[in-house]
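Chain identifiers are assigned alphabetically (A, B, ...) following the order of the sequence lines, protein sequences preceding nucleic acid strands; residue numbering begins at 1 within each chain.
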Amino acid sequence: MKMEIFKVLAICLITAALAVVLKQQKGEYALLTALAGGTVVVLYILKSVAAPIEYISARLDGLGVKTEYFAVSLKALGIGYVTGFIADVCRDSGQASLAAKAELAGKCAIFILSLPLITAVLETALRFLK
Amino acid sequence: MDVDFIFKIAAIGIIVTVLNLVLVRSGREDQALLTTLAGLVVVLLMIVNAIADLFTTVKSIFGL
């Protein structure tokens, strides 16, 4: 699936213009318009990036690499994207502290997700020491 | 890619602003407030659906 970068950029520009027009009259609609535009763009990006991710994980599977570690990093990537999206929306609406909390939650989620990897590394190091 | 979605929300915002202006000018402040509230609820319902769609897509792609 080809990705039309200029289309995405045009949508971002048009959404920004609409948000500026609405901001003078009603601030809440400017925020909601920006949120809708961001959702549409991110959905489009995810749909075009799904096939390459599947391809890479299929290739890794074929090469005999352990895909569980790749799956963990993929999950961390997903959590990071979603958290960043929501934190940006919070920051746009003027709630910087809420954005910081969202980012903290994302960091904690990724840490919990990567705990098995940390223990695996520690176990390997201990096995070398013995 | 449904660009119509963005235009729809911006259009609702403009229409609600105009209605609000007309109702305030004709001295019906309470109805103006209700119009603003109704528009906000409609737009929020639309956006909540879109965000739910986004989250399910992220979940299915990244295997969360």
Exercise. Side chain, backbone, both or neither: which part of A:I53 has a heavy atom under 4.5 Å from chain B?
Worked result: side chain
Problem set entry | Contacting moiety of B:T36, where chain A heavy atoms sit under 4.5 Å | both
Problem set entry | Value rounded to 0.5 Å, distance of OG1 in B:T17 from CD in A:Q24 | 11.0 Å
Exercise. Is the shortest heavy-atom distance from the side chain of B:I14 to the side chain of A:K26 under 4.5 Å?
Worked result: no
Exercise. Transitively linked via ILVMFWY side-chain contacts under 4.5 Å: A:I45 with A:V40?
Worked result: yes
Exercise. Near A:F70 CZ, under 6.0 Å, is it more than 12 heavy atoms from other residues, nucleotides or ligands?
Worked result: yes
Problem set entry | Interchain contact, B:N20 with chain A, by part (heavy-atom threshold 4.5 Å) | side chain
Exercise. Quick one: are A:I79 and B:F62 in side-chain contact, heavy atoms under 4.5 Å?
Worked result: no
For this session: Identify which part of A:L22 has an atom lying under 4.5 Å from any heavy atom of chain B, answering side chain, backbone, both or neither.
Result: side chain
Exercise. Is there a path of hydrophobic side-chain contacts, each under 4.5 Å between heavy atoms of I, L, V, M, F, W or Y residues, that connects A:I11 with A:V21?
Worked result: no
Exercise. What pair of heavy atoms forms the shortest contact from A:T39 to B:A50, and how long is it?
Worked result: CG2-O, 3.6 Å
Problem set entry | Partner chain A: residue of B:T57, B:L40, B:I12 with the largest heavy-atom pair count (under 4.5 Å) | B:L40
Exercise. Can you tell me if CD on B:E29 sees more than 12 non-hydrogen neighbours from other groups inside 6.0 Å?
Worked result: yes
Problem set entry | hydrophobic_cluster_shared for B:V16 and B:L23, side chain cutoff 4.5 Å | no
Problem set entry | Min side-chain heavy-atom separation B:D2-A:L43 under 4.5 Å | no
Exercise. Where do A:G78 and B:V58 come nearest, in terms of heavy atoms and distance?
Worked result: O-CG1, 4.1 Å
Problem set entry | Of A:V41, A:I14, A:L35, A:L18, the residue whose pairing with B:I6 passes side-chain contact (heavy atoms from CB on, under 4.5 Å) | A:L18
Exercise. Given a strict heavy-atom distance threshold of 4.5 Å, which part of A:V82 is in contact with chain B: side chain, backbone, both, or neither?
Worked result: side chain
For this session: Please round to the nearest 0.5 Å and tell me the distance separating atom OH of A:Y29 and atom CD1 of B:I9.
Result: 10.0 Å
Problem set entry | Single-linkage hydrophobic cluster, 4.5 Å side-chain cutoff, B:I15 and B:L37 together | no
Exercise. Is there side-chain contact between A:I86 and B:F55, with at least one heavy-atom pair below 4.5 Å?
Worked result: yes
Problem set entry | ILVMFWY cluster, A:L113 and A:L77 together (side-chain gap under 4.5 Å) | yes
Seminar exercise, completed: So, the part of B:I47 with a heavy atom under 4.5 Å from chain A: the answer is side chain
